[in-house]
Protein chains: 2
Amino acid sequence: MGRKRTKSGKIRLAEVAELAGVSPITASRFFRNPEALSVAKRTRVESAAKELGYVPNLAARALASQRTEVIGVLIPSLTNNVFSDVLRGIYDASEGSRYSIQLSNTRYSILQEEKLLRLFLAQKPAGLIVTGIDQTEESRAMLEAADCPIVQIMEIGPNPVDMMIGFSHYDAARAAIAHLFAQGHRKIGFVGARMDPRVQRRLDGYVSAMKDAGLFEQRFVVTTATPTSVTLGGALFTDLLAREPDLDAVFCANDDLALGVLFECRRREIGVPEQIGIVGFNDLEFMASAVPTLTSVRTNRYEMGKTAATMLIEAIEGRRPEQPVLDLGFRVIERQSSSSRHPDNRPALSGGAAPNKMVALPSSHD
Amino acid sequence: MGRKRTKSGKIRLAEVAELAGVSPITASRFFRNPEALSVAKRTRVESAAKELGYVPNLAARALASQRTEVIGVLIPSLTNNVFSDVLRGIYDASEGSRYSIQLSNTRYSILQEEKLLRLFLAQKPAGLIVTGIDQTEESRAMLEAADCPIVQIMEIGPNPVDMMIGFSHYDAARAAIAHLFAQGHRKIGFVGARMDPRVQRRLDGYVSAMKDAGLFEQRFVVTTATPTSVTLGGALFTDLLAREPDLDAVFCANDDLALGVLFECRRREIGVPEQIGIVGFNDLEFMASAVPTLTSVRTNRYEMGKTAATMLIEAIEGRRPEQPVLDLGFRVIERQSSSSRHPDNRPALSGGAAPNKMVALPSSHD
DNA sequence: GTCGTTGCTGGTAGCGCTGTCAACGATCCT
DNA sequence: AGGATCGTTGACAGCGCTACCAGCAACGAC
């Protein structure tokens with residue numbers, strides 16, 4: 001049943017120190033800063049610890065040192081594929097380090113975020129990763145006053161609290177529309193769900209690109225606050241078609257919606273891309289596999305998470321990165337669903353302030 | 001920059017006690033067992049705490065009380081949709097409770113699991129949630145010796161370490177095959193990826209069902225250790241077809257593979273379900289939206305996580321559930337992709353020892 | 001009236017570790 | 001050679017909270 005066993009044989013630092021023939025404080029130092037010990041004592045403590053199977057008591061450490069080795073992570077959703085990739089990056093980066101991850105879900109509510117932030121901060125985390133740049137005023141103040149490094153992820157913008165890593169959703173959307181223009185599409189609709197700040201900025205990018213071309217029409221835009229889903233993609237597309245039957249392409253705020261649009265086209269026997277072009281956002285794995293393959297804007301989610309955690313840990317340990325704000329860019333991955341109405345292909349469009357920082361996107365699966 | 005600020009104005013329990021005019025220990029009791037206080041002192045402490053904005057120091061509490069309020073969760077993957085639903089349930093259940101979640105990713109390695117378990121156990125967690133029933137001997141021993149409640153999730157089997165919640169993957173696979181039989185399919189292939197223990201048991205269920213019907217052929221089975229993906233579904237299906245061109249249905253170990261198979265059929269212009277029936281596993285949201293809609297085995301992932309965490313918390317607080325092993329069942333959701341070769345429809349098949357415990361599956365998104 | 005009993009409260013003593021500072025010998029510079 | 005500096009080590013004093021046990025009033029039973 002696993003309920004028995006009362007006192008586990010606790011090995012304290014003092015025991016290790018005794019066995020090693022050093023003072024407790026020296027043993028303590030071994031675990032925090034081994035370089036500070038002479039080689040002789042270092043090996044003595046090391047073998048003593050191993051022999052006794054010593055595991056430090058984190059609570060005591062936290063109490064005595066007035067700081068924890070916890071990195072708080074605030075993300076809006078646990079199930080959105082986008083965040084699970086980011087999370088995986090964060091966990092991968094934290095692995096092997098002394099830091100552990102404390103994750104909380106804001107459910108896309110900045111009020112909830114504020115509440116969680118208060119909770120986190122009270123425990124004096126070693127560092128904090130927060131999503132986006134749209135915090136409440138109160139949250140912002142807490143973050144600025146916080147006594148630990150902070151990374152804002154998912155997007156970049158002015159006035160970072162501390163560090164920042166992401167890309168411009170606005171520019172990415174503009175690049176997607178530019179691609180559609182280049183392929184000869186003109187009447188381009190927008191479907192968006194959830195409409196969190198990042199989706200909103202994609203919409204803004206879409207609107208500006210369309211306006212720049214003198215092609216914007218309010219009826220081309222269909223959005224909802226409802227959480228995204230494949231099914232919803234179909235429904236929103238249906239709305240869009242009802243408003244504008246002559247549509248020749250759709251830019252979807254994410255790939256789930258794009259897949260839903262694709263299925264809806266199939267249901268209605270609308271040819272893709274002959275009659276309707278489709279572009280998604282995020283470049284989830286299935287996009288390359290769909291029939292026809294679906295164009296999307298690739299974002300470096302895994303790397304974003306991994307780099308954010310790495311930067312944070314570096315900063316915690318006193319090595320602040322030379323570049324506190326990192327633009328990871330994006331890339332329009334051109335596939336069949338948006339292919340040219342005129343048969344001319346061109347290279348992939350890239351964007352972001354640091355396109356050279358781009359790396360291959362790891363598989364979405366682990 | 002957020003790096004400044006040295007000493008946050010720390011309000012200790014002692015301050016609260018002083019303001020309330022009680023001893024620190026009484027104030028302490030207020031937070032742990034308010035019932036033990038007289039009503040007068042209770043309200044005094046409460047308002048004092050609120051006035052000062054007191055937040056308990058968890059490290060000190062853990063050190064003094066020799067236990068933490070941390071629930072350790074070990075799952076094989078962060079990105080698999082299946083686990084993100086379970087996780088969401090766990091987080092939802094833990095919210096509002098005093099417990100916080102400590103998550104780690106075993107990457108489908110039981111050795112890694114063992115390592116993490118050792119790490120977790122050393123910090124004396126309040127409770128533990130582990131995935132599956134295939135631990136190493138060492139892990140098993142540690143779990144049995146652990147001084148906290150434990151829930152095994154995702155599947156049920158004999159000899160629970162403590163509590164257990166899940167369903168029979170074997171039975172679920174058999175039900176899927178029974179459904180295909182009922183629809184007139186005979187040459188049914190199996191495609192599986194990753195081949196973790198649960199997928200293996202689905203395969204076992206498939207094999208037994210096929211053998212029972214005298215229809216099993218080794219060449220109907222295509223599996224790989226590679227992580228699952230939509231693309232992989234298409235590739236495995238291609239292999240399968242090469243081995244057995246006369247196949248009339250495919251049972252996919254998960255929905256990603258099923259979607260890949262669907263796309264591959266489309267690519268090859270194979271009619272679904274006329275020429276090939278498809279059944280997936282998990283019933284992810286997109287299955288209902290695909291064209292044709294895809295049959296799948298629905299599993300109660302969110303509820304599994306939520307119930308597991310709820311049971312665990314109850315057990316931690318001394319209220320052990322009357323039913324330590326819970327079968328959440330499954331349900332074959334019949335859709336177009338497997339529909340009858342003979343036009344007769346029948347109600348959905350259900351399974352599991354506690355089908356009445358079945359609840360509506362919450363949306364996969366939050 | 002005395003003696004438990006119960007309900008509430010407080011004092012004492014750490015939990016296991018680390019921050020700070022001082023001390024020591026060895027090394028280096030002038 | 002004398003003093004300064006560096007590298008290494010240890011003593012001490014808590015960090016903020018709770019376990020444990022003692023105390024005390026109020027109450028009822030004998």
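Only heavy atoms go into these numbers, but all of them, side chains included; no hydrogens, no water, no symmetry mates. Labels below follow one simple rule: chain letters A, B, ... track the order of the sequence lines, proteins then strands, and each chain is numbered from 1.
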What side-chain donor-acceptor pairs closer than 3.5 Å can you find for residues 128-135 of chain B, not counting sequence neighbours?
residue, atom, partner, partner atom, Å
B/Thr131, OG1, B/Leu74, O, 2.7
B/Asp134, OD1, B/Arg201, NH2, 2.5
B/Gln135, OE1, B/Gln152, NE2, 3.4
B/Gln135, NE2, B/Gly132, O, 3.1

Problem set entry | side chain to side chain donor-acceptor pair (under 3.5 Å) involving A/Ser139 - partner list, sequence neighbours excluded |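 By the side chain to side chain donor-acceptor pair (under 3.5 Å) rule, A/Ser139 matches A/Thr136.
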Problem set entry | side chain to side chain donor-acceptor pair (under 3.5 Å) partners of B/Glu138, counting only residues at least two apart |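 Side chain to side chain donor-acceptor pair (under 3.5 Å) check on B/Glu138 returns nothing, list empty.
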For this session: Work out how much the helix from C/dG1-D/dC30 to C/dT30-D/dA1 bends between its end axes, five pairs an end, to the nearest 10 degrees.
Result: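 For the helix from C/dG1-D/dC30 to C/dT30-D/dA1, the axes at opposite ends meet at about 30°.
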Write out a two-atom table: protein N or O, nucleotide N or O from nucleotides 24-28 of chain D, distance below 3.5 Å.
none

Find every protein N or O atom lying less than 3.5 Å from an N or O atom of nucleotides 6-8 of chain D, and list the pairs.
none

Exercise. What one-letter contact string describes nucleotides 17-22 of chain D from 5' to 3', where B marks a base within less than 4.0 Å of any protein heavy atom, S marks contact via sugar-phosphate atoms alone, and - marks no contact?
Worked result: BSB---
Exercise. Which residues pass the salt bridge (Lys or Arg N to Asp or Glu O under 4.0 Å) test with B/Arg61, sequence neighbours left out?
Worked result: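 If we apply the salt bridge (Lys or Arg N to Asp or Glu O under 4.0 Å) test to B/Arg61, skipping adjacent residues, the hits are B/Glu69.
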Problem set entry | salt bridge (Lys or Arg N to Asp or Glu O under 4.0 Å) against B/Glu15, all qualifying residues, sequence neighbours excluded |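 Testing B/Glu15 for salt bridge (Lys or Arg N to Asp or Glu O under 4.0 Å), a comparison that skips the adjacent residues, returns B/Arg12.
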Exercise. Which side chain to side chain donor-acceptor pair (under 3.5 Å) pairs, counting each pair once, include a residue from residues 36-55 of chain B, with sequence neighbours left out?
Worked result: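 Sorted pair list comes back empty.
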Exercise. Mind checking which nucleotides bracket the chain B contacts on DNA chain C, 5' to 3', with an atom under 4.0 Å from a heavy atom?
Worked result: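 In short, chain B contacts DNA chain C from C/dC8 to C/dG16.
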Validation: residues 24-34 of chain A side-chain donor-acceptor distances under 3.5 Å, sequence neighbours left out:
residue, atom, partner, partner atom, Å
A/Thr26, OG1, A/Ser23, OG, 3.1
A/Ser28, OG, A/Arg32, NE, 3.1
A/Ser28, OG, A/Arg32, NH2, 2.7
A/Arg32, NE, A/Ser28, O, 3.4

